[in-house]
Protein chains: 2
Amino acid sequence: MLLLRRCHSLTRLGPVGTQRYRAAPSLASRAVRLYSNRRDDQRSYQHANNGASWKHIVAGLLTGTGVVLTYGLHHQEVERADAGLSTTAESSCLPVFSHNEVTKHHSLEDGVWVTFKGGVYDITEFVAMHPGGNKILLAAGGALEPFWALYAVHDQDHVLEILSQYKVGELRTEDLKKRDDAKSLDPYSSDPERHPVLQVKCKKPFNAEPPPEILADSYITPRVLFFKRNHLPVPQVDPASYRLNVEGLPGGALSLSLEDLKTRFPKHTITATLQCAGNRRSDMNKVKQVNGLNWGISAIGNAKWSGVRLRDVLLAAGFGPEVAKWARHVHFEGLDKDVTGTAYGTSIPINKAISEEGDVLLAYEMNGEDIPSDHGFPVRVVVPGVVGARSVKWLGRIVISTEESSSHWQQHDYKGFSPGTDWKTVDPKSAPAIQELPVQSAITVPADGAVIDRSDETLTVKGYAWSGGGREVVRVDVSLDGGKTWQVAQLRSGDEGQPTEPSPPPGQAWAWKLWELTAPLPPEAKELEIICKAVDNSYNVQPDTVLPIWNLRGLLNNAWHRVKVKVTED
Amino acid sequence: MLLLRRCHSLTRLGPVGTQRYRAAPSLASRAVRLYSNRRDDQRSYQHANNGASWKHIVAGLLTGTGVVLTYGLHHQEVERADAGLSTTAESSCLPVFSHNEVTKHHSLEDGVWVTFKGGVYDITEFVAMHPGGNKILLAAGGALEPFWALYAVHDQDHVLEILSQYKVGELRTEDLKKRDDAKSLDPYSSDPERHPVLQVKCKKPFNAEPPPEILADSYITPRVLFFKRNHLPVPQVDPASYRLNVEGLPGGALSLSLEDLKTRFPKHTITATLQCAGNRRSDMNKVKQVNGLNWGISAIGNAKWSGVRLRDVLLAAGFGPEVAKWARHVHFEGLDKDVTGTAYGTSIPINKAISEEGDVLLAYEMNGEDIPSDHGFPVRVVVPGVVGARSVKWLGRIVISTEESSSHWQQHDYKGFSPGTDWKTVDPKSAPAIQELPVQSAITVPADGAVIDRSDETLTVKGYAWSGGGREVVRVDVSLDGGKTWQVAQLRSGDEGQPTEPSPPPGQAWAWKLWELTAPLPPEAKELEIICKAVDNSYNVQPDTVLPIWNLRGLLNNAWHRVKVKVTED
């Protein structure tokens, strides 16, 4: 019966397939990007983002239901054998396609092809039936495995059965097996594989963020989707020989193995949002060019971090009232090094490090599993409420000091300046190193440039909101008319339908809130400028516009987030 | 010789005086206000503020030097006898004037008359020579004593000698002696006397702020100038019988006398800024009417507060690890009561109250002297970094609780709402009670509507900046062109030429910073829109405009502060 369906699919879709080898519209560039190594990925995605073909994706996201994000990449689960899906070209009577041919089918216009375990599937007609909406298009022109691994709902027999109906061919054996066996001398050659959905800002060092439209689907950001912000190659750390050195305290250096950390200290878990200081830099670039990676709105994520309190380790290493008299800063040094041997390093003030309420962790788990190598395996710092740059990954060394870290990242980078300061006049000493971050929010749905059908009558706007320093977000205002009028969004601290996290004590609200507003479409409007702005429990608010907070490094953009959408009559 | 000078003055100025009984221009209304009981004081001051006659005051302020603010009202010092100034009408050959006649001479146009110890002086010609600039006009039409008490530089013999030259008459005996002996049943009849320079927003309860142009003259705000924000009549508290009751702890209530507080606990001093949540409400009223006192930019002040740590008192009363498990809030109740016997009350979170770094004081001194009755004699709470409303004055009772205070001021007032919320839709439970305040700054000089001479070539802009939660202000940006370009102001934590306060530990920056920018006058500009905006060390910034943070109670206005000035060719 499966075979019959397969032949039916072939008959039905074969000719369409050949007709579709045509121009690549905006969405195409996006699909190609999923497997591309090109450095201009980000540009092509931005282009796609503004294209009219996103109309369909947005519509799908707005109506999509039932998609459950899992908290990891479940390779094992999806790699089990299935009944009706062949795994090599040789075992099938169907035509054989190259990887390149598959990638050309990445839109509703050109057909939506995907591969799965060596099979090629034309799922164009299934897109409208997909319970998760048009999110399925994220995989168009490429492999399904990474997406199914992410969305565990696919891990069911009937899903494979549905897929089998759309098989149109087999993937060429050499493409299936293709792997880069030639390890080069490239220091980045040991970097881990990453999820193809990530939008790559820089490959070496690896910097990438998830697509905004899926960022707020899950209160806890899956590890594979969590933005990656590496300053250097990912170090290969053997957990058995790993040592953390704690220095600068009266008793001499303390050296701790991973086992020591896991057994000698109580395990502590916090849910905390980390955000890159450059999050939303692309909006600064739009008003005036800055230096730095062109981050969108997704250089932020929320995870459950488990490990030991830095405080407990410092106390065990000899921190006490005498040290408190002179100690002012705690330095962190990573095991990631540049070609000169200089490690990534930075510092935080001692009061944050030693305070019980500061909740600074030396984390060995992220979302209940070992920290992935991109996020600092085996041990990283998590400084909640503080700019991501201080949460040093692959932690090798802790030093108690009277002074701030002298590293480039502490003294010269990650500082904010006046909009009037340029590269000729900038004095890094004039600004403090960024620690706590200001109140922030962004709209994840709809996307900028989306097209809304007038017949929908209502519009749902979604996003995230967070503030630094443990300040809880207490309100998000949303405007559908460019800031003339405002409505209050619903906030939540958990996934829809799931129990929310208990309210944190004052000053310990480390996790973001997701928010949502469903409101009638303003009558007669042809275009909407949608804006969000958050308020934290210190009643700090976001500034209206980008230009007055513009700074030469493009950091700290927390201006109102704005997206424009078109409204069309059906 | 003094008599000769006096007669010369009389001859010279007498006829001018009679000519000057004419129209009262805008400045006149201001001067009258200094001694007026009218409820519309505030309106008349606003009018004055925009009037062209402020040109002269502003010019004076910009060039004024040498004025030293003292930290209290030195009645004693200025009440000593002097050689040449007669004190009653009877002892002089000069004409006798009524108080009403004197008040009519309150501007350069109508002559500037002042009284001092029963003498009447026409100081019109001296105004241009006054080392403190046109600030002298603040006293025009009234008594000099309160101003000389404030500016201790006048407490010198040669100042009295200069003044004597301008004597034109004596004050009528009944006006000199005039006192309201008839104590009424008015609950406010025992309220203390206040400095006449204060701009009264409401007399009963008394609410007033100092003129903005003198607010930032002193890093430590003199007690008499510190804004007064009373919710109820000022209670008369006998320090000998005063008791502070601490309740809700396992050992039963603790009752402490003023002597107990002063002798049983270490004395602790902090410099902390207090700000009313309604500071700058008048700018909200300009965009849309709100409910509340029409505060200008001076409902903020910075003082040295000495007393005992709340933490120490709570520990002495039995606070310990067991209490910490359930205690969540600390209530404060004042001795000020309304007609139903309800006392002013409010609460703060326990972690702020008990933390060593929280620095919450039960203060019995302000600027090194007993707390004045308007500010809570004999003991008040000072919750640094937090809205003024929580710093309960005339403290009578402290209660440890699992819940917030149920008072009106905690549950219904002092909360922030969305601009879209009106009196029909407002739900007080939807917003948290204001505790920490957002980053703030304002321009104190020049005043809105001031006129600048093009020949000045440079313009000096001054103001204050502060942030809640102990977050230090790290930068103030100033624009002279309505926000197109920005320059960085100089910050200081002390008076000009004085040693600045040492930098506070992170999270304990309770005091404001004063700032100043001197920049070339933009060429050819006929009008300048001057803007300031501050950044704190969490890199929170002020929002650009008022409307999007407008709220029905007119609280929390921290939008950029803007003043417009005219530039005229000389």
Side-chain angles (χ1 to χ4, degrees), chain A residues 277 328 348-352 355 357 385 387 415-421 425 430-432 434-439 467-469 471-472 474-479 483-488 505-508 531 533 535-545 547-549 555-556 558-560, chain B residues 277 328 348-352 355 357 385 387 415-421 425 430-439 467-469 471-472 474-477 479 483-488 505-508 531 533 535-545 547-549 555-556 558-560:
Chain A
R328 291 292 172 271
I348 63 170
I350 189 76
N351 64 338
K352 174 71 177 170
S355 148
E357 293 75 31
V387 64
K415 294 188 167 199
F417 297 97
S418 172
T421 300
T425 58
S430 70
I434 300 170
Q435 298 283 350
E436 292 182 2
L437 285 174
V439 60
S467 188
R471 292 179 285 280
E472 187 174 2
V474 297
R475 200 179 79 230
V476 171
D477 295 327
V478 178
S479 175
K484 288 193 199 78
T485 63
W486 300 89
Q487 300 173 68
V488 179
Q508 289 175 278
I531 304 178
K533 63 183 176 77
V535 184
D536 70 21
N537 64 355
S538 294
Y539 283 97
N540 272 300
V541 297
Q542 300 179 237
D544 311 17
T545 58
L547 194 55
I549 56 166
L555 301 173
L556 301 159
N558 73 328
W560 299 353
Chain B
R328 291 293 171 272
I348 62 169
I350 189 75
N351 64 338
K352 173 71 177 171
S355 147
E357 292 77 31
V387 63
K415 295 189 165 197
F417 297 97
S418 172
T421 300
T425 59
S430 70
I434 300 169
Q435 297 283 349
E436 291 181 1
L437 286 174
V439 60
S467 188
R471 293 180 283 280
E472 188 173 2
V474 297
R475 202 181 76 231
V476 171
D477 295 328
S479 175
K484 288 192 199 77
T485 63
W486 299 89
Q487 300 175 65
V488 178
Q508 291 176 276
I531 303 178
K533 62 180 176 82
V535 184
D536 70 21
N537 65 354
S538 294
Y539 282 99
N540 272 302
V541 297
Q542 299 180 236
D544 310 18
T545 57
L547 195 55
I549 57 166
L555 301 173
L556 299 157
N558 74 328
W560 298 353

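In this text, all values refer to a predicted model and were calculated from it rather than measured experimentally. Atom set for the values below is all heavy atoms of this structure, side chains included, hydrogens, waters and symmetry mates excluded. Here is the naming used below: chain letters follow the sequence lines, and residue numbers restart at 1 for every chain.
- The heavy-atom pair separating A:Tyr539 from B:Gly416 by the smallest distance is OH-N, 3.1 Å.
- In this structure B:Asp477 satisfies the side-chain contact (heavy atoms from CB on, under 4.5 Å) test together with A:Ser418, A:Pro419, B:Arg475, B:Trp486, B:Val488, B:Lys533, sequence neighbours excluded.
- Only the side chain of A:Arg471 comes within contact range of chain B, judged by heavy atoms closer than 4.5 Å.
- For the side chain to side chain contact (heavy atoms under 4.5 Å, CB included) test with A:Pro438, the passing option among A:Val541, A:Ile549, A:Leu556 is A:Leu556; the others fail.
- Across B:Asp544, B:Asp536, B:Ile434, the residue that shares the most heavy-atom pairs under 4.5 angstrom with chain A is B:Asp544.
- Top candidate by heavy-atom pairs under 4.5 Å with chain A, chosen from B:Thr421, B:Val439, B:Thr485, is B:Val439.
- Counting only distance, with no hydrogens or angles, the side chain of B:Gln542 and the backbone of B:Asn558 share a donor-acceptor pair below 3.5 Å.
- Interface residue A:Pro349: only side-chain heavy atoms are found under 4.5 Å from chain B.
- With a threshold of 4.5 angstrom between heavy atoms, B:Pro548 approaches chain A through its backbone and through its side chain.
- Note: B:Pro432 leads B:Pro432, B:Gly420, B:Gly385, B:Ala433 in heavy-atom pairs under 4.5 Å with chain A.
- Contact annotation for A:Ala559: neither backbone nor side-chain heavy atoms come within less than 4.5 Å of a heavy atom of chain B.
- Distance check: A:Trp560 CH2 to A:Thr545 OG1 gives 8.5 Å after rounding to the nearest 0.5 Å.
- By the side-chain hydrogen bond (donor to acceptor under 3.5 Å, both in side chains) test, B:Gln435 pairs with no residue at all, sequence neighbours left out.
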